[in-house]
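Throughout, protein chains are lettered first and strands after them, A, B, ... in sequence-line order, and every chain is numbered starting at 1.
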Protein chains: 2
Amino acid sequence: MAKKIPYKIYLTEDEMPKAWYNLKAHKGARHAPFVNPATQKPCSRDDLTHVFCDECVDQELNERDEYIAIPGGIRSFYRMFRPSPLVRAYCLESALKTPAEIYYKFEGNNTSGSHKLNSAAAQAYYARCQGLRSITTETGAGQWGTALAMAAAYYGLHLDVYMVKVSSEQKPYRKEVMRTYGANVIPSPSNTTEAGRKLLAEFPDTGGSLGCAISEAVEKAVTTDSCRYVLGSVLDHVLLHQSVIGLESKIALDKYGVKPDVIIGCVGGGSNFGGLIAPFMGERLEGLNDIDFVGVEPASCPSLTRGKYVYDFCDSAKTTPLAKMYTLGCGFMPSPNHAGGLRYHGMSPIISKLYHDGFIRAVSAEQSKVFEAATMFARTEGILPAPESAHAIRTAIDEAVACRESGKKKVILFGLTGTGYFDLAAYKQYNEGTMTDIIPTDADLARGFSTIPDCPVNAGLL
Amino acid sequence: MAKKIPYKIYLTEDEMPKAWYNLKAHKGARHAPFVNPATQKPCSRDDLTHVFCDECVDQELNERDEYIAIPGGIRSFYRMFRPSPLVRAYCLESALKTPAEIYYKFEGNNTSGSHKLNSAAAQAYYARCQGLRSITTETGAGQWGTALAMAAAYYGLHLDVYMVKVSSEQKPYRKEVMRTYGANVIPSPSNTTEAGRKLLAEFPDTGGSLGCAISEAVEKAVTTDSCRYVLGSVLDHVLLHQSVIGLESKIALDKYGVKPDVIIGCVGGGSNFGGLIAPFMGERLEGLNDIDFVGVEPASCPSLTRGKYVYDFCDSAKTTPLAKMYTLGCGFMPSPNHAGGLRYHGMSPIISKLYHDGFIRAVSAEQSKVFEAATMFARTEGILPAPESAHAIRTAIDEAVACRESGKKKVILFGLTGTGYFDLAAYKQYNEGTMTDIIPTDADLARGFSTIPDCPVNAGLL
């Protein structure tokens with residue numbers, strides 16, 4: 001190619017995707033349905049629209065359309081922070097002396113600091129179209145809450161964010177970003193819900209948990225007029241919205257004139273990884289490529305590499321439908337790893353299905369090794385990565401080093417989901433050499449597995 | 001124009017400027033020379049190369065070349081974080097119901113969070129080419145120190161950053177970013193220099209000042225083998241490097257097919273504003289346009305709107321050469337405004353000259369009004385701005401509202417220099433209604449003016 005190869009590629013606005021990619025149009029990505037824990041029967045549309053926006057539920061259940069149009073009202077919002085660049089990591093390659101080509105799709109160039117805005121925009125838009133006045137959600141580390149606060153401000157919706165109390169105290173500035181966008185941030189547990197009051201009565205000094213924050217947000221949504229609950233990961237419609245990452249990556253890689261051999265993403269609930277791989281996996285499920293898809297999870301919360309593939313609750317308070325997924329048990333308590341976005345006991349049902357069927361490989365990484373990779377990446381590529389994203393960097397570096405040793409010239413693509421500006425307490429630990437790796441023992445896992453419901457739908461599976 | 005007008009424009013890497021724009025090639029931008037306080041004579045090249053890198057000094061003194069080539073080694077680094085987008089603020093325009101078109105050049109999409117990286121890259125590169133092993137600098141709010149840490153990591157230089165002690169305590173995370181990039185961050189005053197030891201002996205509990213941090217960094221540079229001092233604003237070569245902002249803006253505005261009527265930037269030391277206006281001002285000085293250039297400063301530190309145009313020291317410790325500039329007196333202590341980057345007693349000599357000759361207009365803004373604009377901007381345009389940048393937003397909004405009232409359809413361009421992720425304590429104050437505006441009284445100013453040196457070169461001017 002005579003043309004100079006660029007350092008990074010931004011698509012023009014005309015080139016940006018006009019439809020999301022629905023992986024479930026391919027049989028291989030279809031998973032067992034959500035189950036109502038009361039009836040042990042598949043959830044009906046009504047079960048779900050009680051909690052979620054109608055259009056999101058329809059997308060959740062859509063196994064027909066490979067492409068689902070992105071409405072103009074969402075594309076306008078996407079243009080505020082997209083396209084995101086696909087970057088060739090020349091400096092990292094050079095530092096690693098690898099023959100591999102490394103590319104990353106960077107989703108952190110927006111105020112929420114992560115890819116979460118892709119789905120926040122869509123969900124807030126549909127809530128607005130449905131004529132709702134308000135939405136609720138929970139947030140732990142705060143990236144999802146921030147993204148939704150931005151989207152709610154844009155579409156003129158009231159937003160209540162239940163923020164795990166200990167996080168709201170440890171990360172007061174995350175809270176302040178959400179408030180600047182007009183969101184009402186409520187430390188959870190709170191006395192605004194039955195679930196919160198009950199927990200406070202029992203444990204007045206609790207710092208809260210994501211499980212409780214979910215319960216409060218859902219309760220608030222179903223007991224408030226003209227309100228619905230929105231979720232930032234795990235669900236199929238969230239992965240659908242995130243497919244914009246993979247679609248843009250694919251177009252940009254075509255412009256670079258390369259095809260990926262390996263695609264790497266961090267996995268917590270699975271939405272960024274699911275979005276990144278979507279169009280590539282669609283081809284794979286039809287036998288059109290042989291890409292090595294790698295999900296990277298923290299060794300402290302190893303749902304794919306050490307979990308079970310069963311029906312489990314999505315929250316620790318056991319209020320949600322049951323999902324068939326890889327899980328450590330809804331009562332599993334991960335050690336305090338700094339990648340808050342990856343501290344989830346379960347996994348996207350789509351990702352779980354693909355992993356179970358051998359289409360995805362999973363690896364786990366210890367956080368000190370992850371921060372080593374993060375620091376190397378910051379110094380060579382300039383961007384300070386989020387701890388979550390740095391899991392993907394770790395594995396990309398390992399792959400590139402393996403190429404150096406084998407002499408193979410692989411094309412590696414990874415998802416750089418976000419920036420680490422609000423994670424500097426973690427970098428401080430790493431810089432000062434006080435970071436520790438706590439990996440669950442088999443006994444820890446057994447305690448978690450014991451919280452998986454022993455319900456009829458799981459009979460014979462446990 | 002049949003073509004759809006984009007929301008934002010990224011230049012391709014081929015379109016990125018290959019030379020900076022040297023405004024001093026135009027007679028109207030040439031200012032009185034720096035003066036050696038000991039001799040009261042213009043500084044010689046040797047006076048300056050003792051402290052600064054040779055190439056930067058040559059650029060500082062260059063009044064000949066309108067374009068100065070950007071070396072390939074710097075353009076490689078620029079490609080890591082540039083081009084920056086030129087954005088049409090459709091959502092802000094719509095919220096303001098203004099007939100004006102508003103455009104902003106966004107320089108915050110890099111880990112340092114601001115435009116500072118444009119000059120940090122250049123200065124670190126030249127230090128490296130000169131064969132130096134290390135560089136020193138000071139930092140207050142931390143944006144400059146962070147940018148230089150990134151550049152030093154890229155070019156393999158050791159960096160000592162003297163960080164005002166009170167800032168290093170109030171902004172531990174800024175410090176952590178610099179450390180992650182490998183910089184040695186020293187709270188100032190320190191016992192690593194004579195200047196620091198002297199101050200500590202006199203005031204053991206002092207929180208330090210930018211003036212003292214400059215003195216320490218300069219002392220360290222001139223007493224260390226193979227080391228030079230680098231500065232993030234004020235000087236002509238810094239404005240030169242920042243001209244990449246204006247050059248890219250000009251190309252992108254041409255693509256939009258518009259010409260600006262008003263160009264607005266915040267002014268502290270003047271480097272971002274000087275860089276943004278450079279190519280447009282070059283035309284103006286030749287009578288080729290009639291653009292309204294507006295510098296916006298905090299009402300708490302009004303060097304242009306209430307300062308004097310005289311020779312003054314660049315630092316409060318009176319160790320630097322004397323510069324002819326608008327100043328509040330090198331001993332002026334601004335009230336604790338949150339726009340740390342704008343709390344400087346002086347002003348770029350180029351900007352000062354242009355203001356004095358009527359080519360630039362200056363306005364001042366109170367910080368509560370600035371945060372009102374910042375919040376409106378965040379909610380409509382998505383980006384959480386730095387308090388410094390929000391000064392430009394304030395004036396852009398005021399201009400757009402004036403257009404609504406007059407019916408004039410002006411084209412407004414402003415510089416959005418950075419993001420506010422490390423300024424959330426300030427947003428918290430604003431959100432909670434506890435932000436105050438402290439504007440210096442005439443007596444405060446008189447106290448500051450009394451610190452302007454009563455030296456021969458100022459005789460007759462004071």
Side-chain angles (χ1 to χ4, degrees), chain A residues 3-4 6-14 76-83 85 87 90-91 108-113 117 146 149-151 153-154 172-177 179-182 371 374-375 378-385 419-428 430-432, chain B residues 3-4 6-14 76-83 85 87 90-91 108-113 117 146 149-151 153-154 172-177 179-182 371 374-375 378-385 419-428 430-432:
Chain A
K3 220 180 142 216
K4 208 162 54 181
Y7 181 86
K8 58 170 105 72
I9 287 178
Y10 285 98
L11 304 186
T12 66
E13 287 172 13
D14 282 345
S76 302
F77 189 35
Y78 275 4
R79 281 198 294 273
M80 288 181 64
F81 65 99
R82 305 197 68 79
V87 187
Y90 284 114
C91 299
N109 265 354
N110 66 70
T111 289
S112 78
L117 205 46
T146 309
M150 292 173 67
Y154 185 83
Y173 293 157
R174 269 284 182 202
K175 185 168 110 185
E176 222 48 60
V177 183
R179 286 175 64 185
T180 298
Y181 282 92
F371 275 84
T375 301
R379 292 185 188 181
T380 53
E381 289 291 316
I383 297 166
L384 186 83
T419 52
Y421 307 146
F422 289 91
D423 301 286
L424 284 156
Y427 277 95
K428 186 164 191 280
Y430 178 74
N431 290 336
E432 293 177 350
Chain B
K3 216 178 144 221
K4 208 162 54 181
Y7 182 85
K8 59 170 108 70
I9 287 178
Y10 285 99
L11 304 187
T12 65
E13 287 173 13
D14 282 345
S76 303
F77 189 34
Y78 276 3
R79 282 198 293 273
M80 290 181 63
F81 66 99
R82 307 198 66 81
V87 187
Y90 284 113
C91 298
N109 265 354
N110 66 70
T111 290
S112 79
L117 205 45
T146 309
M150 293 173 67
Y154 184 83
Y173 293 158
R174 269 286 182 200
K175 186 168 108 185
E176 223 47 62
V177 184
R179 285 175 65 185
T180 298
Y181 281 91
F371 275 83
T375 302
R379 293 186 185 180
T380 52
E381 290 290 317
I383 298 166
L384 186 81
T419 52
Y421 307 145
F422 289 91
D423 302 285
L424 284 156
Y427 277 94
K428 185 164 192 278
Y430 178 75
N431 290 336
E432 292 178 350

Shortest non-hydrogen contact between [X] and [Y], atoms and distance:
X         : Y         : answer
Cys91(B)  : Met80(A)  : SG-SD, 4.2 Å
Arg179(B) : Asn431(A) : CB-ND2, 3.9 Å
Thr111(A) : Ile383(B) : OG1-CA, 3.3 Å

Which value, rounded to the nearest 0.5 Å, describes the distance between Leu424(B) atom CG and Tyr421(A) atom OH?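 Rounded to the nearest 0.5 Å, the CG-OH separation comes to 13.5 Å.
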
Mind checking the CD-OH spacing from Glu381(A) to Tyr154(B)? Nearest 0.5 Å is all I need.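 The OH atom of Tyr154(B) is 9.0 Å from CD of Glu381(A), to the nearest 0.5 Å.
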
Side-chain donor or acceptor of [X] paired with backbone N/O of [Y] under 3.5 Å:
X         : Y         : value
Glu13(B)  : Lys8(A)   : yes
Lys428(B) : Tyr173(A) : no
Tyr181(B) : Gly382(A) : yes

Region of [X] in contact with chain B, defined by heavy-atom distances below 4.5 Å:
X         : value
Ala374(A) : neither
Tyr90(A)  : neither
Val87(A)  : neither

Between Ser112(A), Gly420(A), Ala425(A), who has the most heavy-atom pairs with chain B when the cutoff is under 4.5 Å?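 It is Ala425(A).
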
Hey, which of Thr419(A), Thr180(A), Thr380(A), Asn110(A) has the most heavy atom pairs under 4.5 Å with chain B?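 Among Thr419(A), Thr180(A), Thr380(A), Asn110(A), the one with the most close pairs to chain B is Thr180(A).
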
Please rank Tyr10(B), Phe371(B), Tyr430(B) by heavy-atom pairs under 4.5 Å with chain A and give me the top one.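 Looking at each option in turn, the highest pair count goes to Tyr10(B).
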
